[in-house]
Amino acid sequence: MPELPEVETTRRGIAPYIDQQQLTHAIIRQARLRYPIPVEQVNCLIGQVLVSVERRAKYLLLKFNTSTLIIHLGMSGSLRIVSQEAEWRKHDHWQLAFGSVLLRYHDPRRFGFLIACDSVEQHGLIIKLGPEPLSDAFSTQYLQSKLAKRRAPIKTSLMNNELVVGIGNIYACESLFLAGIHPLTPCHQLTPTQLCLLHGHIQATLNRAIAQGGSTLRDFLNPDGQPGYFAQTLNVYGRAQQPCHQCGTPIDNLRIGGRSSYYCPQCQPLNPGKQ
DNA sequence: CTTTACACCTGACTGC
DNA sequence: TGCAGTCAGGTGTAAA
């Protein structure tokens, strides 16, 4: 489920409730997520004040003085702020209490995780990550230099975290549609004009999605229990056989790198003009 | 080095 | 109504 906009929506939703608050209690009901929850290390943080709620790529970082909790939502994870009376639901796996404010994690598929580490920047999951797509480091020039020698399909590269982080299947498909680029186009064949367009549409798409509270497919709710509204804006994702909003051609569906990839065969031609 | 296949896990949906 | 098969927003690891 969650790509960068959903994680950022989550961060903004929970931060006002827990930032600068003291962690008072932790409950781990199911420690067996993608990685086992280090229960001891989590309990060690009880009594400490949460210093900041940050996001890096699709990871949420809860920073305390001595260590940081890294949270990943996997495919189906979500965080909510709940009250003391809230019943535990099926697939609610853990909860952090900040006084009477409870941060509760729900994840049917259990692909997410909660781990602790002393220096986040050095952590194996974080250290190899590429730039944030909404930062200055992610420029058209950066894209150009990184893609010039690659032969992999552009869509695969957009979803490669070492190149740029936070872009998952939905936003890769949507950005490529807006830029008029076929998802199978080999990276090195992209023209400077196409790269510039793509760069702009990646940022615009992510910004728009964040502004609308992320996408809601299936059961994504932001921490206040509200759905995201970006799904209503999707041009191609999940729209196989349906008419393209721009030209009416039925949207097609390909498998690229094991992921289904939606695109408009008319608006996103392969090898336009050949070269 | 790149590319693929698989692994983790549950639930929703399709077709017989 | 049931059952088997397929698919799903992620990503680290192993194999080819």
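Being a predicted model, the structure only gives us computed values, none of them experimental. We name chains A, B, ... by the order of the sequence lines, and we start the count at 1 in each one. FYI, side chains are in, hydrogens and waters are out, and symmetry mates aren't considered; it's all heavy atoms of this structure.
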Checking [Y] against [X]: is there a side-chain donor and acceptor pair closer than 3.5 Å?
| X | Y | result |
| --- | --- | --- |
| A:Asn169 | A:Lys155 | yes |
| A:Glu85 | A:Ser83 | yes |
| A:Glu54 | A:Ser52 | yes |
| A:Ser67 | A:Gln41 | no |

Does [N] have OP1 or OP2 sitting under 4.0 Å from an N or O in the side chain of [X]?
| X | N | value |
| --- | --- | --- |
| A:His91 | B:dG11 | yes |
| A:Tyr171 | C:dG9 | no |
| A:Lys90 | B:dT10 | no |
| A:His72 | C:dT11 | yes |

Q: In whole angstrom, give me the gap between the C1' atoms of C:dG9 and B:dT3.
A: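 So the two C1' atoms sit 23 Å from each other.
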
Q) Considering only the P atoms, how many Å lie between B:dC8 and C:dC3, rounded to the nearest integer? A) 24 Å

Between atom [atom1] in [X] and atom [atom2] in [N], what is the gap in whole Å?
| X | N | atom1 | atom2 | value |
| --- | --- | --- | --- | --- |
| A:Asp92 | B:dC9 | CG | P | 19 Å |
| A:Leu234 | C:dG9 | CG | P | 12 Å |
| A:Leu4 | C:dT11 | CG | P | 11 Å |
| A:His106 | B:dC9 | NE2 | P | 17 Å |
| A:Asn160 | B:dT2 | CG | P | 9 Å |
| A:Glu6 | C:dG9 | CD | C1' | 7 Å |
| A:Gln212 | C:dG9 | CD | P | 20 Å |
| A:Asp107 | C:dG10 | CG | P | 13 Å |

Q) Based on Watson-Crick and G-U pairs with both distances under 3.5 Å, what dot-bracket line describes DNA chain C 5' to 3', crossing pairs as [ ] and inter-strand pairs as |? A) .|||||||.|||||||

Expected rows: protein N/O vs nucleotides 12-16 of chain C N/O, under 3.5 Å:
| from | atom 1 | to | atom 2 | distance (Å) |
| --- | --- | --- | --- | --- |
| C:dG12 | OP1 | A:Tyr59 | OH | 3.1 |
| C:dG12 | O4' | A:Arg34 | NH2 | 2.9 |

Q. Should the pair A:His91 and A:His106 be assigned to parallel (<30°), tilted (30 to 60°) or perpendicular (>60°) ring geometry?
A.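 Correct class here is perpendicular.
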
Q) Has the side chain of A:Arg109 got a donor or acceptor atom sitting under 3.5 Å from an opposite partner on the base of B:dC9? A) yes

Q: Decide yes or no on ring pair (Phe, Tyr, Trp, His ring centres under 6.0 Å) for A:His199 and A:Phe138, but give the supporting numbers first.
A: CA-CA 8 Å; A:His199 173 264; A:Phe138 181 68; 5.1 Å; yes

Q) Under a single-linkage rule joining Ile, Leu, Val, Met, Phe, Trp and Tyr whose side-chain heavy atoms are separated by less than 4.5 Å, which residues share a cluster with A:Ile127? A)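 ILVMFWY cluster around A:Ile127 holds nothing else.
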
Q: Kindly indicate, with the supporting measurements, whether the criterion side-chain contact (heavy atoms from CB on, under 4.5 Å) is fulfilled by A:Thr66 and A:Asp118.
A: CA-CA 7 Å; A:Thr66 59; A:Asp118 293 340; over 6 Å; no

Q: Establish, yes or no, whether a centroid distance under 6.0 Å links the rings of A:His72 and A:Phe111.
A: no

**Q.** salt bridge (Lys or Arg N to Asp or Glu O under 4.0 Å) assessment of A:Asp92 paired with A:Arg89
**A.** CA-CA 6 Å; A:Asp92 283 346; A:Arg89 299 170 299 170; 3.4 Å; yes

Q. Residues two or more places apart in sequence or in another chain: which of them pass salt bridge (charged side-chain N to carboxylate O under 4.0 Å, His left out) with A:Arg12?
A. A:Glu8

(Q) Short of 4.0 Å, heavy atom to strand atom, which residues of residues 112-124 of chain A count as contacting DNA chain C? (A)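 Nucleic-acid contacts, sorted: none.
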
Q: Mind listing the residues from residues 249-265 of chain A sitting with a heavy atom below 4.0 Å of DNA chain C? Number order is fine.
A: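 Within this stretch, A:Arg255, A:Arg259, A:Ser260 sit under 4.0 Å of the strand.
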
Q: Please step through salt bridge (Lys or Arg N to Asp or Glu O under 4.0 Å) for the pair A:Arg56 and A:Glu132, ending with a clear verdict.
A: CA-CA 8 Å; A:Arg56 173 76 173 104; A:Glu132 288 288 325; 3.0 Å; yes

**Q.** Verdict with reasoning, A:Gln84 to A:Ser100, per side-chain hydrogen bond (donor to acceptor under 3.5 Å, both in side chains)
**A.** CA-CA 7 Å; A:Gln84 311 269 16; A:Ser100 60; 4.8 Å; no

Q | salt bridge (Lys or Arg N to Asp or Glu O under 4.0 Å) between A:Glu3 and A:Lys58, worked out | A | CA-CA 6 Å; A:Glu3 302 184 29; A:Lys58 294 170 189 166; 5.4 Å; no

(Q) Using the six-membered base ring of B:dC9, report whether A:Phe111 stacks on it, requiring centroids under 5.5 Å and planes under 30° apart. (A) no

**Q.** Distance in Å, A:Cys264 SG paired with A:Leu176 CG, rounded so as to fall on 0.5 Å steps
**A.**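 A:Cys264 atom SG to A:Leu176 atom CG measures 13.0 Å (nearest 0.5 Å).
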
